[in-house]
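Okay, here's the structure, questions in a sec.
Reckoned from all heavy atoms, side chains included, excluding hydrogens, waters and symmetry mates.
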Amino acid sequence: LLRFALIGLGAMAVLSSVVNIMAAVQLLEPADEQSIGLSRNFVVAEYSVQLLLGAGMLFFGFRRRK
């Protein structure tokens, strides 16, 4: 059960972070960056960390043996 949870949550984290990175790159403009107080690079870096954590969950989910 833990294996399937790791794989499912990891896949959702990876997919979510990829979509959010693409949205941040395409939709964040300089005026938006000033209004929220975060740069585009910072937002992409946050989602990159989420991407790495999701990939790690997938790795350990597929690697775990009974």
Query raised in the report: Should Leu52 and Val18 be counted in the same cluster of Ile, Leu, Val, Met, Phe, Trp and Tyr side chains packed under 4.5 Å apart?
Result: no
Query raised in the report: In terms of hydrophobic clustering (I, L, V, M, F, W, Y; side-chain heavy atoms under 4.5 Å; direct or indirect links), are Met22 and Leu51 co-clustered?
Result: yes
Query raised in the report: Taking atom CG of Asn20 and atom CD of Glu46, what is their separation to the nearest 0.5 Å?
Result: 10.5 Å
Query - From Ser35 atom OG to Glu29 atom CD, the distance as rounded to the nearest 0.5 Å - result: 10.5 Å
Query - Pairwise distance CE(Met57) to CG(Leu9) - rounded to 0.5 angstrom - result: 4.5 Å
Query raised in the report: Who else is in Tyr47's hydrophobic cluster (ILVMFWY, side-chain heavy atoms under 4.5 Å, direct or via others)?
Result: Ile21, Val25, Leu28, Ile36, Leu38, Phe42, Val43, Val44
Query - Non-neighbouring partners of Ile7 that pass side chain to side chain contact (heavy atoms under 4.5 Å, CB included), sequence neighbours left out - result: Arg3, Leu58, Phe62
Query - Check: Ser16 side chain, Ala13 main-chain N or O, donor-acceptor pair, under 3.5 Å - result: no
